[in-house]
Q: 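The structure under discussion is supplied below as structure tokens; questions concerning it will follow.
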Amino acid sequence: MKQSALRTLRIAIATAALCASASALAAPKVAPSPAIPAYGQPVSLQLTNAEWPTYIPVTRYTRSGSNFVVDYEMLGNNFSAGRSDFGYKAVTLGELSAGNYTVTARIFDMANSAAAPTIVTTHFAVMPPEKWGVYTVPQQPEAYETTEILIRSAAYFDAASMKTTLSGNVIRVDFDYSPDAPGLTIPPGLTTFASVKAGNLAPGAWRVEAYGRPRTGGESQKYFTKDFTVGTTVTVYEFYEPSLDHYFVAAGPEEIAALDAGEATWKRTGQKFSAWLKASDAPASAKPVCRFYARGPNSHFYTADAAECQTLRNLEAAGKAEAAANAGKFWGWTYEGVAFYALTPTNGACPGDTDPVFRYYNGRAKDNDTNHRFTVDPQLRSAMMWSWIDEGAAICSPR
């Protein structure tokens with residue numbers, strides 16, 4: 001059975017904990033930043049008032065509707081003193097639609113894996129736009145990401161009645177509203193703002209038109225319009241699987257949606273960078289990023305280096321031929337195609353309008369447990385260097 005570095009660390013921690021005096025966690029809190037987010041502001045979560053720092057590399061979260069669950073791991077002893085992989089790091093959620101949200105933070109003690117986590121719950125609201133109209137969430141959508149249409153109305157309307165229809169590059173949103181004049185008391189089941197998903201939009205110019213119909217009957221009328229542009233870049237999101245102690249990145253909307261839906265035990269880390277999903281959207285200087293999967297370590301590998309990609313494909317061909325000749329299975333790296341397109345460094349440096357994305361290797365090939373991680377975050381880079389190998393800037397993320 002494989003033993004990951006994280007599990008090895010936990011064993012060492014548990015041993016150290018036997019010799020260390022027990023220390024109870026302080027009353028921790030988790031809070032959004034900004035404290036009262038408004039439409040268009042990226043939201044992050046910060047754990048505070050915790051007596052001991054968290055193990056930064058494994059913080060992860062899941063989302064179900066308006067509910068977030070964030071998992072932290074920390075130590076109830078002084079084992080982590082002076083280490084850059086232990087500390088306090090915000091978890092980035094990105095732009096959220098206006099509304100109310102609940103966050104449940106689960107704090108696990110790495111020295112006592114059998115213990116129930118400490119649970120901390122908080123609630124926060126994202127404020128709607130001040131002006132009436134129709135808006136996109138996020139404000140500047142990227143290619144193929146899930147885009148929501150937000151309506152801010154002077155009249156109360158039924159959020160459940162909202163539906164979208166796409167025709168060419170026009171998104172039509174229909175909703176039913178109350179013809180009564182707004183009062184101080186919100187009628188049951190009605191609201192003045194709500195959002196509905198518009199799907200994964202391709203790059204280009206779009207127009208959204210919002211039509212309202214009185215709940216008492218009558219024809220729909222166009223009340224709001226908005227023209228906007230979907231960019232050409234995509235967000236490449238990172239996921240983490242705790243039992244494997246492996247990282248994985250995904251750029252395609254279907255794969256991201258499947259992971260978010262819980263089809264596997266992968267969870268978002270809040271880490272991300274930008275690239276292009278299709279060659280037709282990317283600049284001529286962008287390189288295809290090859291994606292491989294190996295059943296042995298149950299891991300994926302990505303490279304924008306054409307020579308490295310071809311070497312692995314040659315090894316795959318030779319390995320499969322050898323396995324077939326011996327009636328065996330091939331457990332090595334299998335080419336899965338182009339994951340996305342990215343700019344690459346020149347002599348280790350990225351262009352000025354991009355950020356370097358560094359690749360880290362866990363050094364566990366001898367244990368058949370190879371895995372790599374990509375990050376643009378300086379704090380995370382410092383954390384990963386405690387136990388992973390820095391392989392330098394692998395690609396460049398456009399800003």
Side-chain angles (χ1 to χ4, degrees), residues 26-50 53-54 56 59-72 87-107 118-142 145-160 162 173 175 182-198 208 210 224 226 228 235 237 260 267-272 377 379:
K29 296 180 181 179
V30 62
S33 178
I36 305 178
Y39 165 74
Q41 292 182 310
V43 180
S44 60
L45 298 173
Q46 183 67 61
L47 184 68
T48 60
N49 285 8
T54 62
I56 293 173
T59 301
R60 64 269 185 190
Y61 76 90
T62 56
R63 177 183 179 180
S64 177
S66 60
N67 299 301
F68 292 89
V69 177
V70 188
D71 289 341
Y72 299 93
Y88 303 96
K89 179 169 180 54
V91 177
T92 302
L93 305 179
E95 289 184 48
L96 302 176
S97 188
N100 297 315
Y101 296 87
T102 298
V103 176
T104 301
R106 305 191 301 182
I107 306 169
T118 299
I119 303 295
V120 181
T121 301
T122 192
H123 306 276
F124 70 92
V126 175
M127 303 305 294
E130 293 184 3
K131 295 182 179 180
W132 304 327
V134 62
Y135 301 83
T136 60
V137 182
Q139 278 188 304
Q140 298 179 328
E142 286 196 294
E145 76 173 312
T146 299
T147 302
E148 296 179 70
I149 305 300
L150 170 67
I151 291 177
R152 178 73 161 99
S153 174
Y156 295 120
F157 67 94
D158 181 5
M162 296 176 68
V173 182
F175 63 96
L184 296 178
T185 302
I186 301 176
L190 300 184
T191 182
T192 58
F193 62 90
S195 59
V196 62
K197 290 184 178 180
V208 58
F224 308 118
K226 178 180 177 62
F228 66 98
T235 299
Y237 292 100
D260 283 337
K267 299 182 178 183
R268 292 198 186 207
T269 64
Q271 296 295 309
K272 59 187 178 180
D377 188 287
Q379 185 182 3

Q: What is the minimum heavy-atom distance between Phe193 and Gly99, and which atoms define it?
A: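 Minimum heavy-atom separation between Phe193 and Gly99: CE1-N, 3.9 Å.
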
Q: Does Asp158 form a side-chain contact (heavy atoms from CB on, under 4.5 Å) with Leu190? I'd like the steps, not just the answer.
A: CA-CA 5 Å; Asp158 181 5; Leu190 300 184; 4.0 Å; yes

Q: A side-chain contact here means heavy atoms from C-beta on lying under 4.5 Å apart; do Val196 and Glu148 qualify?
A: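 Side chain of Val196 against side chain of Glu148, heavy atoms only: no contact under 4.5 Å found.
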
Q: By the definition salt bridge (charged side-chain N to carboxylate O under 4.0 Å, His left out), identify the one residue from Arg63, Arg268, Lys267 that meets it with Asp260.
A: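 Answer to the salt bridge (charged side-chain N to carboxylate O under 4.0 Å, His left out) test with Asp260 among Arg63, Arg268, Lys267: Arg268.
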
Q: After noting the C-alpha distance and the side-chain angles of Glu145 and Tyr237, does the key distance pass the side-chain contact (heavy atoms from CB on, under 4.5 Å) rule?
A: CA-CA 11 Å; Glu145 76 173 312; Tyr237 292 100; 4.1 Å; yes

Q: Look up atom CZ in Arg152 and atom OG1 in Thr191, then write down how far apart they are to the nearest 0.5 Å.
A: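 The CZ atom of Arg152 sits 8.5 Å away from the OG1 atom of Thr191.
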
Q: With a 4.5 Å cut-off on side-chain heavy atoms, are Tyr101 and Val126 touching?
A: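 In short, these two side chains touch, coming nearer than 4.5 Å.
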
Q: Determine the minimum heavy-atom distance between Phe175 and Ile151, stating which atoms define it.
A: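 Closest approach of Phe175 to Ile151: CD2-CD1, 3.4 Å.
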
Q: Taking Leu45 as the fixed residue, which of Thr122, Thr59, Leu93 is the one that meets the side chain to side chain contact (heavy atoms under 4.5 Å, CB included) rule?
A: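 Filter result, single survivor: Leu93.
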
Q: Can you find a pair of side-chain heavy atoms, one from Thr62 and one from Phe68, that are under 4.5 Å apart?
A: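 They are not in side-chain contact.
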
Q: I want to check something: taking the side chain as every heavy atom from C-beta on, are Val173 and Met162 in contact at a cut-off of under 4.5 Å?
A: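 When only atoms from C-beta onward are counted, Met162 and Val173 do touch, with a gap below 4.5 Å.
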
Q: Looking at Pro37 and Ala125, what are the two nearest heavy atoms and their distance?
A: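 Looking at all heavy atoms of both residues, the closest pair is CD-O, 3.3 Å.
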
Q: Show your working on side-chain contact (heavy atoms from CB on, under 4.5 Å) between Thr48 and Tyr88 and close with a plain yes or no.
A: CA-CA 8 Å; Thr48 60; Tyr88 303 96; over 6 Å; no

Q: Distance check, rounded to the nearest 0.5 Å: Thr192 atom OG1 versus Phe157 atom CZ?
A: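 Reported value, rounded in 0.5 Å steps: 7.0 Å.
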
Q: Roughly how far, to the nearest 0.5 Å, is the CD1 atom of Ile56 from the CG atom of Asp377?
A: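 Here the rounded value is 9.0 Å.
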
Q: I need the minimum non-hydrogen distance between Ala198 and Ile149, along with the two atoms involved.
A: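 Taking every non-hydrogen atom into account, CB-CG1, 3.8 Å.
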
Q: Is the shortest heavy-atom distance from the side chain of Thr92 to the side chain of Gln271 under 4.5 Å?
A: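 Side chain of Thr92 against side chain of Gln271, heavy atoms only: no contact under 4.5 Å found.
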
Q: Can you tell me how far apart CG (Asn100) and CG (Asn67) are? Round to the nearest 0.5 Å.
A: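 Reported value, rounded in 0.5 Å steps: 11.0 Å.
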
Q: Considering all heavy atoms of both residues, which atom of Pro53 and which atom of Gly87 are nearest to each other, and what is their separation?
A: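 Shortest heavy-atom contact: CB-N, 3.4 Å.
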
Q: Does the side chain of Lys29 come within less than 4.5 Å of Leu47's, by heavy atoms?
A: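 Side chain of Leu47 against side chain of Lys29, heavy atoms only: no contact under 4.5 Å found.
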
Q: Could you pull out every donor-acceptor pair under 3.5 Å between side chains of residues 127-139 and any protein atom, sequence neighbours left out?
A:
residue: Tyr135; atom: OH; partner: Lys131; partner atom: O; Å: 2.7
residue: Thr136; atom: OG1; partner: Pro138; partner atom: O; Å: 3.0
residue: Thr136; atom: OG1; partner: Gln139; partner atom: O; Å: 3.2

Q: For Gln140, is the CD atom crowded, meaning more than 12 foreign heavy atoms sit under 6.0 Å from it?
A: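 No.
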
Q: Within the structure provided, determine whether Ile119 and Arg106 are in side-chain contact (heavy-atom separation under 4.5 Å).
A: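 They are in side-chain contact.
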
Q: Going through the checks in order, is the side-chain contact (heavy atoms from CB on, under 4.5 Å) test met by Thr102 and Thr121?
A: CA-CA 7 Å; Thr102 298; Thr121 301; 3.9 Å; yes

Q: Minimum heavy-atom separation for Phe124 to Pro32, with atom names?
A: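 Smallest heavy-atom distance, with atoms named: CB-CG, 3.6 Å.
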
